[in-house]
Amino acid sequence: MFPIQRPRRLRQNETLRGLVRETRLAVDQLIYPVFVRPGEGVREPVKSMPGIFQWSVDTLTDHLAEVFSLGVHSFLFFGIPSQKDSQGSEAYSSDGIVQVALQSVKDRLPDAVLIADLCLCEYTDHGHCGILRDNNVDNDMTIDVLARTAVVQARAGATIIAPSDMMDGRVGRIRQALDQSGFEHVPIMSYSSKYASGFYGPFRDAAENTPAFGDRRTYQMDPANRNEAIKEVFLDLEEGADMVIVKPAMPYLDILSEIKKLVRVPVAAYQVSGEYAMIKAAGQMGWIEERRVVEESLIGIKRAGADMVITYFAPEYATWCLGN
Ligand code: PBG
């Protein structure tokens, strides 16, 4: 008790604070999401995400080589196809945009971890994450298409498959398909607890996947639920997931923390587009100190239990780390 106990003793200067710091976030624990579209020489700014671009395969490959040299070695791929249809067929065509990008980046950066986001929403003309029947996303038809897509992504060079669709039973179905095609060594990183979130707003500009009608609440989770998140995580682990993702990150730190305590697999948190956009916007207005808030948000996510953080800030954060 005071005056014997004086916690301020250990906060006197940065060296001492560094010595007793409980949480650290290394650059190689970051995963950088990227958007790739057809064309050449493309570097199209995403309006609601300053600093984030849609790339073509050539510019993306150069960009990622640069980011890799900063120490960020893991990338998450999203594609904007040349054509969308009701089945999302470019998702699983062998010359689909993500497949071409995976091959190109793998050739250039053989040691990078290439994570293929697996979902149909960028590829369907209706913008939903699966195949429709009577204006409803049909679960079992969708998981067959996802499984087929996973195999094509693995064949194109994906190191990890990351299903983000939130269909029931997809992890098991994908595991089975990968194993049957000789990809038993390819891990599944499942978006296990993915909430139906307004924080995905800017991503819809980036990935052009706004649903033509309705919303995603019949497959993504209700933000009010906690037990359900745990249930989803355990179902995915039973079905063969190697790692799990909590998404979004900052409004769901309690979920992240609880899941981290319950499971013995690596847990990732996804700091999504809306979290990025809010920090960027307030920073641009001069209302917050952007760098400080970015670092605080990332260390908060790590402290809550994330082993890895998926964040659009990855290259910037890496630059700061090198400068320090
Ligand atoms: C679906 C997907 C989404 C995001 C990642 N994967 C969008 C959605 O579910 O509507 C959002 C990521 C972000 O907001 O940064 N393929």
(request) Say whether Glu90 and Ser82, considering side chains only, have a donor N or O and an acceptor N or O under 3.5 Å apart. (result) yes
(request) Report yes or no: does Arg170 contribute a side-chain atom to a donor-acceptor pair with the main-chain N or O of Pro163 at less than 3.5 Å? (result) yes
(message) Any side-chain to backbone donor/acceptor pair from Tyr276 onto Pro50? Under 3.5 Å, distance only.
(response) yes
(message) Is there a side-chain contact between Ser193 and Ile259 in this structure, where contact means two heavy atoms from C-beta onward sitting under 4.5 Å apart?
(response) yes
(message) Return the OG to NZ distance between Ser192 and Lys231, rounded to the nearest 0.5 Å.
(response) 13.5 Å
(request) Give a yes-or-no answer on whether the side chains of Tyr191 and Asp117 include a donor-acceptor pair shorter than 3.5 Å. (result) yes
(request) Determine whether the side chains of Gln284 and Glu290 contain a donor N or O and an acceptor N or O closer than 3.5 Å. (result) no
(request) Taking all heavy atoms of Ile174 and all of Ile188, pick out the closest pair and write down the distance. (result) CG2-CD1, 3.8 Å
(request) Assess whether atom CZ of Arg133 is packed by more than 12 heavy atoms of other residues, nucleotides or ligands within 6.0 Å. (result) no
(request) First locate atom CG of Asp28, then atom CE of Met308, and finally report the distance between them rounded to the nearest 0.5 Å. (result) 11.5 Å
(message) Could you check, using the six-membered ring where one of them is a Trp, whether His63 and Phe75 have ring centers closer than 6.0 angstrom?
(response) no
(request) In plain terms, say whether Arg204 and Glu122 are close enough for a salt bridge, that is, a side-chain N and a carboxylate O under 4.0 Å apart. (result) no
(request) Could you tell me whether Arg173 and Asp144 make a salt bridge, using a distance below 4.0 angstrom between a side-chain N and a carboxylate O? (result) yes
(message) In this structure, would Leu253 and Leu262 fall into the same cluster of hydrophobic residues linked by side-chain contacts under 4.5 Å?
(response) yes
(message) Tell me whether Glu296 at atom CD has more than 12 heavy atoms from other residues, nucleotides or ligands lying less than 6.0 Å away.
(response) no
(message) Restricting to non-hydrogen atoms, name the atom on Asp205 and the atom on Glu208 that form the minimum distance, rounded to 0.1 Å.
(response) O-CG, 3.7 Å
(message) If you compare all heavy atoms of Gly88 against all heavy atoms of Leu120, which two are closest, and at what distance to 0.1 Å?
(response) O-CD2, 4.4 Å
(message) Less than 6.0 angstrom separating the ring centers of Phe78 and Phe203, yes or no?
(response) yes
(message) Looking only at the aromatic ring of each residue, does the gap between the centers of His128 and Phe213 stay below 6.0 angstrom?
(response) yes
(message) Please check if the number of heavy atoms outside Glu40 that lie under 6.0 Å from its CD is greater than 12.
(response) no
(request) May I ask you to test the Val244-Met189 pair for a side-chain heavy-atom distance under 4.5 Å? (result) no
(message) For Gln99 and Ser93, which I'm curious about, is there any donor-acceptor pair between the side chains at under 3.5 Å?
(response) no
(message) Less than 4.0 angstrom from a charged side-chain N to a carboxylate O is my criterion; do Lys260 and Asp307 meet it?
(response) yes
(message) Do Tyr252 and Pro223 make a side-chain contact, defined as non-hydrogen atoms from C-beta onward lying under 4.5 Å apart?
(response) yes
(message) Less than 4.0 angstrom from a charged side-chain N to a carboxylate O is my criterion; do Arg17 and Glu14 meet it?
(response) yes
(message) Could you check whether any side-chain heavy atom of Met167 comes within less than 4.5 Å of a side-chain heavy atom of Leu146, counting everything from C-beta outward?
(response) yes
(request) Take atom CD of Glu184 as the centre, draw a 6.0 Å sphere, and report whether it contains more than 12 heavy atoms from other residues, nucleotides or ligands. (result) yes
(request) For the residue pair Phe313 and Glu275, establish whether any side-chain heavy-atom pair is separated by less than 4.5 Å. (result) no
(request) Find out whether Val67 and Tyr32 are in side-chain contact, i.e. whether some heavy atom of one side chain is under 4.5 Å from a heavy atom of the other. (result) yes
(message) Ring of Tyr270, cation from Lys194 - is the NZ or CZ under 6.0 Å from the centre and inside 45° of the axis?
(response) no
Residues 105-113, side-chain donor-acceptor partners within the protein, below 3.5 Å, at least two apart:
| from | atom 1 | to | atom 2 | distance (Å) |
| --- | --- | --- | --- | --- |
| Arg108 | NH1 | Asp62 | OD1 | 3.1 |
| Arg108 | NH2 | Asp62 | OD1 | 3.1 |

(message) Show the nearest heavy-atom pair for residues Gly127 and Arg216, with the distance to one decimal.
(response) O-NH1, 2.8 Å
(message) Any side-chain to backbone donor/acceptor pair from Ser56 onto Val42? Under 3.5 Å, distance only.
(response) yes
(request) Classify the ring geometry between Phe53 and Trp55 as parallel (under 30°), tilted (30 to 60°) or perpendicular (over 60°). (result) tilted
(message) Test your reading of the model: is there a side-chain donor-acceptor pair from Gln54 to the backbone of Ala206, 3.5 Å cut-off?
(response) yes
(request) State, yes or no, whether a side-chain contact exists between Met243 and Val267 at a heavy-atom distance under 4.5 Å. (result) no
(message) Could you walk me through whether Lys84 and Thr124 satisfy the side chain to side chain contact (heavy atoms under 4.5 Å, CB included) test, starting with their C-alpha distance in whole Å, then the side-chain angles of each, then the deciding distance to 0.1 Å, before giving a yes or no?
(response) CA-CA 5 Å; Lys84 304 188 187 223; Thr124 51; over 6 Å; no
(message) Within the structure provided, determine whether Asp254 and Arg226 are in side-chain contact (heavy-atom separation under 4.5 Å).
(response) yes
(message) Does atom CZ (Arg9) have a neighbourhood of more than 12 heavy atoms from anything else shown, all under 6.0 Å?
(response) yes
